[in-house]
Amino acid sequence: MEKFLDFIVRAGSLDRRYIFVVIALVVMLPLFFPLNLPIRPTVSSQTIYDTVEKLESGDKALVSFEYGPSTKPEIHPMAIALLRHLFEKDVKVYITCLWPDGQFMAMEAIQQVAVNQYQKVYGEDYVLLGFRPGNEAVIKGLVSNFRKVYTVDAQGNFLDDIPMMNGINKVADFDYLFSASAGYPGTVEWVQYAADPTGVTMGTGTTSIQVNEVMPYVQAGQIKGILGGMPGAAEYEKLIGQPGIGTSGMDAQSVAHIVIVGFIIFGNISFFVERRRSKKY
Amino acid sequence: MKDKQFWSVAGIIFVLFMIYWVAGHPYFVSERSVMFWSILIVGGVLIYSTRMAKRGEKIFLRTIPGLKAVEEAVGRSTEMGKPVLYVPGIMDMDQVETVAGVVVLGHVAKMTARYETSLNVPVSRAIVMKAARESCRESYLLEGRPDLFHNDMVHYLTDDQFAYAAGVNGIMLREEPAACLYMGKFYAESLLLAETGNSIGAIQIAGTASPSQIPFFVTACDYTLIGEEFFAASAYLSQEPELIGGVKGQDTLKIMAVAVMLLATLFNFFHDLNMISWDVLGFLTVQ
Amino acid sequence: MNGSEIFGAWVAVFLTLGIFSYLYKDNPFYKIAEHVFVGVSAGYWMSMFFWTQIQPNLFGRLWPVPEGAISGFFMRTWYGIYNFFGVLLPSVFPDGGIDKGHGTHPHFIYIIPFILGVMMLLSVVSKWSWFARLGIAYTVGMAAGLRAYAFLNSNVLVQLKGSAVSFVGLDWFSLTDASIINNVIILIGTITGLLYFYFSKEHKGTFGKVTRVGIYFLMISFGASFGFAVMGRISLLIGRFTDLITYGSSTYNYASLWVLLLMIGLLAVWTFKGDKKVAS
Amino acid sequence: MFMKRQLPIAIAAIIGFLTLFGWFVDEPNIKSFVDDDATQWFDILASFAIFLGALNLLKLQALKIIKKQKGWPYAALAIVGFTFSFTAGFILLGSYNVEISQYDDPAKVATVLASEINLDEKSAENILIAMPEGDTYTIDTPYFTKSGADDVVEKINAAGGTANMRATEWGSHISTRGSLFNWMFRFIFTPLSATMFALLAFFVASASYRAFKIRNFEATLLLISGIIIMLGRVPIGGNISSWFIMYIIVLSLSAGVNTWFKNRKYTLASVIGGILIVTIAGMITGWPVDQPAIFYLPVLQDWIYNVPNVAGARAIMIGIGLGIFATSIRYILGIEKSYIGE
């Protein structure tokens with residue numbers, strides 16, 4: 001017994017590089033040997049799905065890309081799933097970017113979903129307006145006059161020449177607003193400067209870390225539903241019935257969480273054993 | 001009516017606005033009048049309490065446990081003959097948290113001067129370095145120990161987030177400070193710092209307002225100044241009437257917020273029961 | 001798969017593993033990757049902001065393509081300046097003016113932000129460091145005006161409204177839907193949490209008990225925050241591993257495997273040799 | 001002195017005041033300035049601020065090299081990195097397209113095309129034949145140099161086709177697949193910035209192991225709510241039976257009884273009693289995985305993050321909202337002036 005306790009105490013001050021190796025393994029292995037755990041949608045993901053489901057063919061949705069490569073694994077799958085749902089419903093999609101890298105992410109998503117999967121027509125079914133710097137000031141500008149901020153789209157075409165831009169002059173002209181956001185500027189700013197002042201229905205997909213900051217907005221009804229991180233994306237993929245990157249990452253995610261919880265519990269056991277000993281001596 | 005000037009200006013603004021309103025309030029977005037009045041009232045409360053503080057009104061601020069702990073931590077470092085490490089966050093002086101961090105640094109520098117303990121302040125922005133140096137120099141002068149102060153106690157590492165974290169971790173492992181204080185704006189590096197500090201067994205005290213970083217500090221540090229506590233601490237330490245008045249003003253506003261919440265719930269309850277027709281939720285919705 | 005893609009994959013793998021090598025210890029691979037990152041990202045941000053804002057929305061307004069021939073001394077001088085720039089940087093200032101849909105007349109009022117911006121850049125010279133203050137003051141002032149309204153509305157007023165919960169026509173308790181008990185918990189939690197941040201009174205007696213409840217709610221919220229933080233970081237790692245696995249395929253000549261072996265080998269050699277320069 | 005101190009404060013005050021009250025004004029001239037032009041100016045200045053940041057970085061690294069400070073070769077590497085991305089952004093386009101618009105004999109042109117896009121001649125010919133009348137076909141991957149693209153154009157023209165070279169426009173090159181800038185984004189910027197953050201996954205794990213200790217009641221709450229979110233949010237949480245959770249609760253309650261009463265009999269009684277109650281209840285209901293729902297992790301985590309978590313987060317949000325309002329007002333009134341750096 002004494003020896004076992006000794007081991008536990010010593011394991012408590014283990015070189016952290018052993019922990020790194022364990023984490024690398026538990027994340028890597030399920031990617032090679034999937035477990036196919038069933039996914040269960042949470043209430044907030046279901047809300048997003050229901051809201052989009054209510055949109056009708058020809059409705060206009062503004063989707064804003066506010067993430068970059070650093071958070072791509074979390075947000076990109078949900079952006080793709082949402083675009084799939086919107087195109088499935090024949091909703092017109094307008095894409096803006098408040099992060100410079102967002103434009104690249106949007107291009108990738110468009111190539112995959114709009115061009116390859118649904119063969120949508122640029123300028124009639126979707127448009128990529130591109131990135132504008134200025135954070136919340138850009139949103140404020142879009143709310144009052146869309147055409148001041150964007151005179152050309154990302155490819156340099158004039159907005160007046162794009163058929164689907166007809167009748168779009170401010171954010172209030174849209175039926176749905178979605179922010180795929182990884183931080184500032186992002187969801188919070190869209191709520192403050194666009195959704196609250198105009199009353200346009202808004203949904204959001206955020207990194208896991210942001211979920212907590214955004215939850216009060218969701219509870220107060222300022223945002224209708226939220227997709228949280230990669231699990232949120234997996235849930236949405238499940239809802240639209242098209243499994244993607246999010247779903248394939250869930251096994252690794254599950255196993256890693258279990259292992260980390262195990263670490264926490266073991267760390268605490270070792271902590272208690274040590275504390276009891278130091279009391280004795 | 002302690003502050004006649006304030007009340008007369010407020011009265012004049014009110015009367016002028018009323019005249020404008022009665023005259024048909026041209027060019028005014030009437031749907032936002034609730035927000036307009038909120039801004040005037042909230043702004044008024046803040047200005048009023050700042051003015052009162054400047055005029056010398058006694059303002060009580062509760063003790064903040066984390067602050068007492070700072071003194072203990074410096075004391076312990078002195079006993080052990082080890083340095084104190086102070087990290088003022090990774091952002092520039094335009095962030096309120098950085099400003100608060102530098103204010104608290106001044107206070108810590110006073111203690112290290114008094115106890116003759118060595119202080120080490122790595123920073124990640126050039127302007128923060130200037131400000132932090134000034135603040136330390138002043139504290140050492142005030143304590144009558146300018147001889148102990150040297151410029152290198154505040155030194156610049158790098159602007160880059162992770163390189164900075166790696167640098168600070170290096171200092172921790174080499175110098176093994178007995179107390180690590182993290183006060184300022186932190187992002188993902190909070191975890192790296194707090195964990196390394198924990199592993200060398202230092203007393204750790206943190207103060208920050210970023211909600212997503214607080215959990216890491218709360219679990220890994222001995223004391224954490226959470227969000228507004230941190231701002232209040234800097235006001236408390238600086239004893240500047242402007243800052244203290246601000247804290248007092250925000251306190252008043254919090255009580256008002258609680259009152260509004262309770263009243264709104266009550267009115268909403270009666271509205272739901274069809275006992276009154278006034279819709280409080282509609283009233284509070286400003287577009 | 002063409003050459004530039006395969007070469008790109010090798011570069012990407014080297015940089016990715018270079019940064020991961022920090023997990024072992026601080027080493028030259030990590031330092032190389034880190035410094036390349038600092039330099040490249042500065043140039044990257046600069047290009048992005050220039051081509052999406054300064055060129056189209058500032059220069060595009062100052063020197064739009066004029067309608068017909070340019071006449072008058074003033075306008076000729078104005079476009080003369082433009083042509084001079086055009087000689088220096090033809091990619092930025094194409095012949096004849098910049099056509100980004102800002103009409104055909106120069107918006108001269110945009111000289112103000114242009115001058116403020118240029119002053120900002122000149123502040124690199126230590127003697128003129130105060131030059132930047134004017135531009136910074138503008139952004140600070142504007143952000144203050146925007147935020148004062150937006151935060152008071154969305155973060156205070158609407159949140160107060162959100163806490164004014166309903167009790168009529170709801171179930172007593174439900175885990176997944178709004179219910180009376182849930183609403184009471186939210187109301188109590190918000191109020192006690194807010195009172196924890198009340199500084200003008202000592203936390204003793206009844207008030208102390210109230211704020212105690214407040215801190216419990218804050219802790220539950222921080223715990224959730226911690227859970228989400230773990231979740232997010234793991235997702236990012238999954239993303240990196242997926243990329244490495246892709247780059248480790250035969251299409252990319254097994255880039256991930258080769259680079260990994262090379263790095264482990266070199267790190268091992270350095271460690272066993274105990275090279276002082278590396279170990280420091 | 002006026003330019004250095006009063007003017008900046010005056011600018012901040014005036015602009016702040018205009019923007020704040022611009023929310024309430026419906027006068028077209030003021031509205032158009034405040035909502036449109038003023039925000040555009042802000043955006044432009046924000047862009048210049050990025051330039052300033054880059055210049056400061058260069059200055060710093062250059063000084064490091066000149067003074068031969070420790071690690072100066074790495075500083076040189078940073079400058080090389082900057083030069084590369086600047087070149088990709090402003091000087092070297094690296095994206096020239098070849099468009100084929102007409103041909104006399106598809107087979108001949110297809111020979112040229114096939115060697116350019118790594119296809120057999122038959123498929124290349126099919127691509128050309130499938131091209132609608134009056135339309136053009138653009139070769140998928142752009143050419144890195146202008147002369148490279150010109151060569152191909154010449155070859156196609158020699159084979160009896162009509163082709164021309166089209167350079168990607170400056171400005172849209174940043175978002176065009178195939179440009180040097182885009183290559184840099186995909187293979188240098190993306191892996192670097194993504195891996196920097198992925199590193200944190202490892203540190204989060206080691207921090208959980210070493211730092212997250214149950215020191216007091218608050219820390220316990222934090223830990224439990226964190227663990228429930230972590231397990232309940234991911235698919236595996238749905239496979240953990242609520243009965244398993246109940247057994248764990250029984251055991252931890254017994255541990256509590258043990259420390260509280262310090263009497264082995266009580267502890268034993270609570271362990272056996274608890275296990276018996278849970279087991280009998282389970283046998284009666286038939287051990288459903290997700291019942292009772294309050295012990296089922298996916299449902300429990302939904303409740304935690306929709307109810308108590310929202311209350312805590314909202315308290316912080318209101319506090320921060322008031323704090324930011326107060327700071328903003330101080331900027332507008334010119335009380336807070338730390339932004340001028342004095």
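The figures here come from the full heavy-atom set of this structure, side chains too, leaving out hydrogens, waters and symmetry mates. First the proteins, then the strands, lettered A, B, ... as listed; each starts at 1.
Ring centers of D/Phe187 and C/Phe7: at least 6.0 Å apart, outside the cut-off. Taking the centre of each ring, D/Phe217 and C/Tyr216 come in below the 6.0 Å mark. A ring-centre distance under 6.0 Å is not found for C/Phe151 and D/Phe325. Proximity of the aromatic rings of C/Tyr30 and C/Tyr24 is defined here by a centroid distance below 6.0 angstrom, and this criterion is not met. In summary, the aromatic rings of C/Phe14 and C/Trp10 are positioned with their centroids too far apart to meet the 6.0 Å limit. C/Phe59 and C/Phe93 have their aromatic ring centers within a separation under 6.0 angstrom.
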Sequence neighbours left out, cut at 3.5 Å: what donor-acceptor pairs do the side chains of residues 232-240 of chain C make with other protein atoms?
from: C/Ser235; atom 1: OG; to: A/Gln253; atom 2: OE1; distance (Å): 2.8
from: C/Ser235; atom 1: OG; to: C/Met231; atom 2: O; distance (Å): 3.0
from: C/Arg240; atom 1: NE; to: D/Thr195; atom 2: OG1; distance (Å): 3.3
from: C/Arg240; atom 1: NH1; to: C/Asp243; atom 2: OD2; distance (Å): 3.0
from: C/Arg240; atom 1: NH2; to: C/Thr16; atom 2: OG1; distance (Å): 3.3

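Between the side chains of C/Asn57 and C/His102, a donor-acceptor pair is found at a separation under 3.5 Å. The closest side-chain donor-acceptor pair between C/Tyr196 and C/Arg212, if any, does not fall under 3.5 angstrom.
Not one N or O on the side chain of D/Ser328 forms a donor-acceptor pair closer than 3.5 Å with the backbone of C/Arg147. Put simply, the side chain of C/Gln55 never gets that close to the backbone of C/Gly60: no donor and acceptor are under 3.5 Å apart. Side-chain N or O atoms of D/Lys59 include one that pairs as donor or acceptor with a backbone N or O of C/Val124 at under 3.5 Å.
By number of non-hydrogen pairs under 4.5 angstrom with chain D, the leading residue of C/Thr139, C/Thr192, C/Leu195, C/Ile215 is C/Thr139. Of the listed residues C/Gly189, C/Gly117, C/Gly227, the one with more heavy-atom pairs under 4.5 angstrom with chain D than any other is C/Gly117. Note: C/Ala148 leads C/Ser163, C/Ala42, C/Ala148 in heavy-atom pairs under 4.5 Å with chain D. Counting heavy-atom pairs under 4.5 Å between each of D/Thr39, D/Ile304, D/Leu300 and chain C puts D/Thr39 at the top. Contact count against chain D (heavy-atom pairs under 4.5 Å) is highest for C/Tyr110 among C/Phe197, C/Phe114, C/Phe131, C/Tyr110. Counting heavy-atom pairs closer than 4.5 Å to chain D, the top-ranked of the candidates C/Phe217, C/Tyr138, C/Trp45, C/Phe222 is C/Tyr138. The greatest number of non-hydrogen atom pairs below 4.5 Å with chain C, out of D/Val204, D/Ile332, D/Ile318, is found for D/Ile318. The greatest number of non-hydrogen atom pairs below 4.5 Å with chain C, out of D/Asp302, D/Leu199, D/Leu55, is found for D/Leu199. Ranked by heavy-atom pairs shorter than 4.5 Å toward chain C, the options D/Gly321, D/Gly226, D/Ala49, D/Gly319 are led by D/Gly226. By number of non-hydrogen pairs under 4.5 angstrom with chain C, the leading residue of D/Leu58, D/Leu322, D/Asn309, D/Leu192 is D/Leu192. With chain C as the partner, the residue from D/Ile229, D/Thr220, D/Ile227 showing the most heavy-atom pairs under 4.5 Å is D/Ile229. Residue with the most contacts toward chain D among C/Leu58, C/Asn183, C/Leu218: C/Leu58 (heavy-atom pairs, distance under 4.5 Å).
Using a 4.5 Å cut-off between heavy atoms, D/Tyr305 contacts chain C through its side chain alone, with no backbone atom that close. Contacts of D/Leu223 with chain C are absent, with no heavy-atom separation under 4.5 Å from either backbone or side chain. Looking at D/Phe24, only its side chain comes within 4.5 Å of chain C, counting heavy atoms on both sides. No part of D/Ile79 comes within reach of chain C, as not one of its non-hydrogen atoms sits under 4.5 angstrom from that chain. In this structure, chain C has no heavy atom under 4.5 Å from any part of D/Thr87. Only the side chain of D/Phe202 comes within less than 4.5 Å of a heavy atom in chain C; its backbone stays farther off. With a 4.5 Å cut-off on non-hydrogen atoms, D/Ile50 touches chain C through its side chain but not through its backbone. Using a 4.5 Å cut-off between heavy atoms, D/Trp41 contacts chain C through both its backbone and its side chain. With a threshold of 4.5 angstrom between heavy atoms, D/Asp43 approaches chain C through its backbone and through its side chain. Only the side chain of D/Leu57 comes within less than 4.5 Å of a heavy atom in chain C; its backbone stays farther off. Only the side chain of C/Phe226 comes within less than 4.5 Å of a heavy atom of chain D; its backbone N, CA, C and O stay farther away. With a 4.5 Å cut-off on non-hydrogen atoms, D/Ala75 touches chain C through its backbone but not through its side chain. At a 4.5 Å heavy-atom cutoff, C/Tyr198 makes no contact with chain D through either its backbone or its side chain. Looking at D/Met184, the atoms closer than 4.5 Å to chain C (heavy atoms on both sides) all sit in the side chain, from C-beta outward. Of the two parts of D/Leu20, the backbone and the side chain both hold a non-hydrogen atom closer than 4.5 Å to a non-hydrogen atom of chain C. Using a 4.5 Å cut-off between heavy atoms, D/Phe203 contacts chain C through its side chain alone, with no backbone atom that close.
For C/Tyr44, the ring pair (Phe, Tyr, Trp, His ring centres under 6.0 Å) partners are D/Phe181, D/Phe185, D/Phe189, not counting sequence neighbours.
A 4.5 Å side-chain heavy-atom check between D/Val34 and D/Thr19 finds at least one atom pair inside the cut-off. In this structure the side chain of D/Gln40 reaches within 4.5 angstrom of the side chain of C/Arg61, judged on heavy atoms.
Annotation: the span from D/Phe17 atom CZ to D/Leu333 atom CG amounts to 9.5 Å, rounded to 0.5 Å.
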